[in-house]
Novice: 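Mind having a look at this structure? Questions to follow.
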Amino acid sequence: MITIKGLIHIYKKEIKTYIVSPTAYVVIPIFLLIAAFYFFSARTFFLRSQASMRDFFSALPIIFCIIIPAITMHLFSEELNIGSYEMLLTMPVTFLDIIIGKFLAAVTLMATCLFPTFSYALFISALGNLDWGPIIGGYISALLLGAAFCAIGLLISSITKKQIIALIVGIVICLVLSLLNIVVVLIPMPHIILGFLNYMDAYIHFQNIARGIVDTRDIIYFVSLCILALYGTKLVMEEKK
Amino acid sequence: MIRIVNLTKFYNTTCALDHINLEIREGEILGLLGPNGAGKTTALRILTCYMQPTEGMVYVKDFNIFDHPLEIKKMIGYLPESAPIYKHMLVYEYLRYVADVREIEKSKEDKRIQELADLCGLNEVMHKTVEELSKGYKQRVGLAHAMMGNPEILILDEPTSGLDPNQRIEVRDIIKGIGKKKTVILSTHILPEVESTCERVVIINEGKIIADDYLQKLKESSGNRFTINLTVKGGQFDAVKSALSRIEGISKINKVQDSDSTVSLVLDCMTDKDVRPLIFSEIKQNNWEIIELYQEKATLETIFRKLTREV
């Protein structure tokens with residue numbers, strides 16, 4: 001069961017936590033610095049003389065692998081560590097209010113990181129003839145990938161009291177999901193496993209949408225990943241009861 | 001108001017609560033006592049819907065913890081042990097967040113926060129972060145948290161643990177004030193706290209209820225069991241013991257100290273009569289002298305010690 005009011009209160013509290021804690025002030029500048037490096041580095045943007053953000057979107061999954069677990073690591077770990085989890089669960093809110101409220105707050109911070117990079121698109125459009133299809137696709141894709149990573153980060157944070165463990169495990173899982181295509185090339189394996197691993201690769205689905213091709217299979221993949229991880233978080237919380 | 005039926009909780013193979021049955025009436029201040037690890041906190045956690053029992057059921061009014069946790073949570077204000085509160089939040093900000101979750105009308109929010117700040121003595125620290133506060137103030141913020149929604153039932157787990165004596169008295173006074181209007185369940189192992197605030201006492205040991213009665217009745221029922229501390233000059237322990245054994249009502253004689261000149265004893269008595277004059281005459285007959293003689297009345301502490309050691 002979900003109560004909208006409860007969800008909004010949890011969401012607002014988490015957003016305030018991001019504002020008063022150093023997380024937002026550390027994560028957003030680091031993200032923008034790395035993103036700017038990939039976008040403006042001479043090797044890519046200026047030498048190629050192309051009005052595109054392809055290199056930026058190619059690098060985005062790997063940047064997210066590090067940034068998003070940093071956003072989500074405290075969400076449950078801190079509550080478990082200081083014991084406020086007990087106070088939270090005895091207030092008139094449901095598991096789903098807590099999970100979805102925290103998830104949406106993490107997605108909001110991830111989107112806030114992404115928002116300033118839209119200025120790159122405006123900058124390119126002033127310099128040359130920009131194809132807006134892949135740009136819009138890229139941002140939709142980034143939001144879907146970011147949301148899926150936020151859900152995974154939330155799940156890991158619900159398992160451990162230690163934020164550093166939540167961060168490291170989160171980075172590893174997101175990297176594995178993003179680099180499965182490389183594993184598939186390096187290790188010989190049966191066709192059926194190959195197909196499965198290819199489908200599980202977040203990077204491939206991300207690139208499909210980022211190219212401007214919106215395929216329902218890719219959207220279903222990201223949405224399923226979100227639902228599975230959030231459901232897993234609920235199971236972990238129920239197990240703690 | 002609260003009905004606990006056959007409540008059982010296992011942590012793996014360890015039994016924390018063993019088929020507990022209890023009924024708590026509206027407006028009662030109930031003291032839940034027990035040694036560490038007796039199952040008090042587990043019982044409270046189940047009552048507040050934080051945990052689910054392995055077996056049994058808890059009803060609060062017409063609601064049960066499995067089907068209506070949200071309704072029950074709305075009726076209960078809970079202060080867990082050591083008041084774990086978000087460290088980075090300002091006290092005012094935290095209370096506002098709790099007021100929001102407790103669905104207090106926006107127009108009444110400020111008034112309610114001010115009322116609780118006055119009641120719990122938080123006015124000076126409203127704009128400090130929780131991590132800057134002393135343990136006593138944190139506990140008060142926890143109390144304000146528990147009372148925010150004006151709940152019908154207040155459950156306080158060790159509300160004064162770790163506080164200095166002054167802070168303890170302050171928090172105890174606040175609880176007494178609340179107890180005039182609400183049903184309060186107070187879990188503690190600080191016995192004077194229960195004696196000064198609670199009407200009814202439930203003692204839990206090893207997951208079972210071993211005593212459940214009004215404090216006064218509990219003391220009365222233990223009235224015929226008491227101890228006498230005696231120090232005698234001039235006699236040896238064996239001789240004194242044999243002389244006092246003749247007195248009806250003295251069930252056990254224990255030696256505390258035996259030196260060349262004096263012997264100290266503790267006499268366990270079980271009688272409605274006053275045995276002190278008989279002891280006096282026995283000592284006099286043997287030409288010994290009484291250095292010290294006093295009878296220990298039944299306090300909650302003696303009752304607690306007796307019950308939790310007997311099991």
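To find a chain, count down the sequence lines: A is the first, B the second, and so on, and within it residues start at 1. Because only heavy atoms are used, hydrogens play no part in the values below, and waters and symmetry mates are left out as well, while side chains stay in. Just so you know, these numbers come straight off a predicted model, no measurement behind them.
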Novice: Of all of B:I72, B:I155, B:I46, B:D100, which one pairs up most often with chain A through heavy atoms under 4.5 Å apart?
Specialist: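 With the most close heavy-atom pairs to chain A, the winner is B:D100.
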Novice: Salt bridge or not between B:E152 and B:K182? Use side-chain N to carboxylate O under 4.0 Å.
Specialist: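 No, no charged N to carboxylate O under 4.0 Å.
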Novice: Once you measure the plane-to-plane angle for A:Y221 and A:Y199, does it fall in the parallel (<30°), tilted (30-60°) or perpendicular (>60°) bin?
Specialist: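 Perpendicular: the ring planes of A:Y221 and A:Y199 meet at over 60°.
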Novice: Decide whether a cation-pi geometry holds between A:K102 and A:F76; the criteria are a distance under 6.0 Å from NZ or CZ to the six-membered ring centre and an angle within 45° of the ring axis.
Specialist: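 Verdict for A:F76: a cation-pi partner in A:K102.
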Novice: Please look at A:T3 and chain B and tell me whether the side chain, the backbone, both or neither of the residue comes under 4.5 angstrom of a heavy atom of that chain.
Specialist: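 Side chain only.
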Novice: On the ring face of B:Y86, is A:K13 found with NZ or CZ under 6.0 Å from the centre and within 45° of the axis?
Specialist: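 Ring-cation test returns yes.
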Novice: For B:M89, is it the side chain, the backbone, both, or neither that has a heavy atom closer than 4.5 Å to a heavy atom of chain A?
Specialist: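 Only the side chain of B:M89 comes within 4.5 Å of chain A.
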Novice: Taking side chain as everything from C-beta outward and backbone as N, CA, C, O, which of these in B:R45 sits under 4.5 Å from a heavy atom of chain A? Side chain, backbone, both or neither.
Specialist: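 Interface part for B:R45: side chain.
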Novice: Determine the option with the most heavy-atom pairs under 4.5 angstrom with chain A, choosing from B:V101, B:L90, B:L79.
Specialist: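 Among the listed options, the one with the most contacts to chain A is B:V101.
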Novice: Would you mind checking which part of B:E103 comes under 4.5 Å of any heavy atom in chain A, side chain (CB onward), backbone (N, CA, C, O), both or neither?
Specialist: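 Contact with chain A is through the side chain of B:E103 alone.
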Novice: Is the distance from the ring center of A:Y139 to that of A:F57 below 6.0 Å?
Specialist: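 Yes.
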Novice: Do you know which of A:E79, A:M91, A:E238 has the most heavy-atom pairs under 4.5 Å to chain B?
Specialist: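 The answer is A:M91.
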Novice: Which bit of A:V20 comes within less than 4.5 Å of chain B, counting heavy atoms only: side chain, backbone, both or neither?
Specialist: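 It is the side chain, since no backbone atom gets that close.
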Novice: May I have the step-by-step check of side-chain hydrogen bond (donor to acceptor under 3.5 Å, both in side chains) for A:Q163 and A:N81, ending in yes or no?
Specialist: CA-CA 9 Å; A:Q163 292 192 40; A:N81 190 29; over 6 Å; no
Novice: Regarding A:D97 and A:K5, does a basic nitrogen lie under 4.0 Å from an acidic carboxylate oxygen?
Specialist: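 Between A:K5 and A:D97 there is no salt bridge, as every charged N stays at least 4.0 Å from the carboxylate O atoms.
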Novice: Under a 4.5 Å heavy-atom cut-off, does chain B meet the side chain of A:S21, its backbone, both or neither?
Specialist: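 Looking at A:S21, nothing touches chain B.
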